[in-house]
Amino acid sequence: MKLLELFQAVKDHQLTKDQLEMYRNELAHVFADMKIEYAELEKNEAIYLLQQKDVAWTGRKAMWKGTDEGQRMITLKNYLGATNKILDSLKSRLYSIY
C-alpha cells in the first residue's frame with residue numbers, strides 16, 4: 001500500500017484495534033524507509049553544495065532544490081512530517097482502546 005493510500009485508510013474512525021496496529025506497523029516501516037532515503041539525499045546534497053564553488057551558499061542551496069534529488073528531498077521532508085503526525089494519531093487511538 002502506498003503512503004497516501006495509508007493516510008486515507010487510517011482516516012476511518014471505525015477501524016478495529018488489529019487494523020490500527022497493522023496500519024501503525026506499516027507506516028512505521030514506510031517512515032523508516034523514507035528516513036534512510038532522506039539520509040542518502042542529504043549526503044548527496046552535501047557533495048553537491050561543496051562542488052559549486054563559484055556560487056554563493058544560498059545560491060547553491062537554491063540550485064540544489066531545483067534538482068530532481070532536491071525536489072525529492074523536499075517531498076520526503078514533508079511526507080516524514082505528515083507520517084509522524086499520523087503515527088502519533090494512531091498511537092493515541094490505540095491507547096484509547098486499551
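Along the sequence shown, the residues carry numbers beginning at 1.
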Enumerate, atom names and distances included, each donor-acceptor pair closer than 3.5 Å involving a side-chain atom of residues 53-62, sequence neighbours excluded.
| from | atom 1 | to | atom 2 | distance (Å) |
| --- | --- | --- | --- | --- |
| Lys53 | NZ | Leu50 | O | 3.4 |
| Arg60 | NE | Gln52 | O | 2.7 |
| Arg60 | NE | Val55 | O | 2.7 |
| Arg60 | NH1 | Leu49 | O | 3.0 |
| Arg60 | NH2 | Val55 | O | 3.3 |
| Lys61 | NZ | Glu45 | OE2 | 2.8 |

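- Formation of a donor-acceptor pair under 3.5 Å by the Ser89 side chain with backbone atoms of Lys85 is not found in this model.
- No side-chain heavy atom of Met73 sits under 4.5 Å from any side-chain heavy atom of Asn44.
- Here the side chain of Arg24 pairs no donor or acceptor atom with the backbone of Leu94 at under 3.5 angstrom.
- The CD atom of Glu42 lies 12.0 Å from the CD1 atom of Ile47; values are rounded to the nearest 0.5 Å.
- Follow the hydrophobic side-chain contacts under 4.5 Å out from Met22 and you reach Phe7 in the same cluster.
- Summarising the geometry, atom CD belonging to Glu21 is positioned 12.5 Å from atom CZ belonging to Arg93; distances are rounded to the nearest 0.5 Å.
- Within the 4.5 Å cutoff, side-chain heavy atoms of Leu27 are placed close to those of Leu3.
- Atoms CH2 and CD1, from Trp64 and Ile74 in turn, are 10.0 Å apart once rounded to the nearest 0.5 Å.
- In this structure the side chain of Thr83 never reaches within 4.5 angstrom of the side chain of Val30, judged on heavy atoms.
- Sorted by first and then second residue, the pairs that involve residues 2-16 and meet side chain to side chain donor-acceptor pair (under 3.5 Å), not counting sequence neighbours, are Thr16-Gln19.
- Cluster membership check: Val10 does not share its hydrophobic cluster with Tyr95, using side-chain heavy-atom separations under 4.5 Å among Ile, Leu, Val, Met, Phe, Trp and Tyr.
- You'll find the side chain of Tyr48 stays beyond 4.5 Å of the side chain of Glu69, heavy atoms only.
- The local environment of OH in Tyr38 is crowded, with over 12 non-hydrogen atoms from other residues, nucleotides or ligands closer than 6.0 Å.
- When hydrophobic clusters are built by joining Ile, Leu, Val, Met, Phe, Trp and Tyr residues whose side-chain heavy atoms come closer than 4.5 Å, directly or via intermediates, Leu41 is not grouped with Ile36.
- Here the shortest heavy-atom pairing between Leu80 and Phe31 reads O-CE1, 3.4 Å.
- Every residue two or more places apart in sequence or in another chain that forms a side chain to side chain donor-acceptor pair (under 3.5 Å) with Glu40 is listed here: Lys43.
- A distance-only check finds no donor-acceptor pair linking the side chain of Thr67 to the backbone of Met63 [under 3.5 Å].
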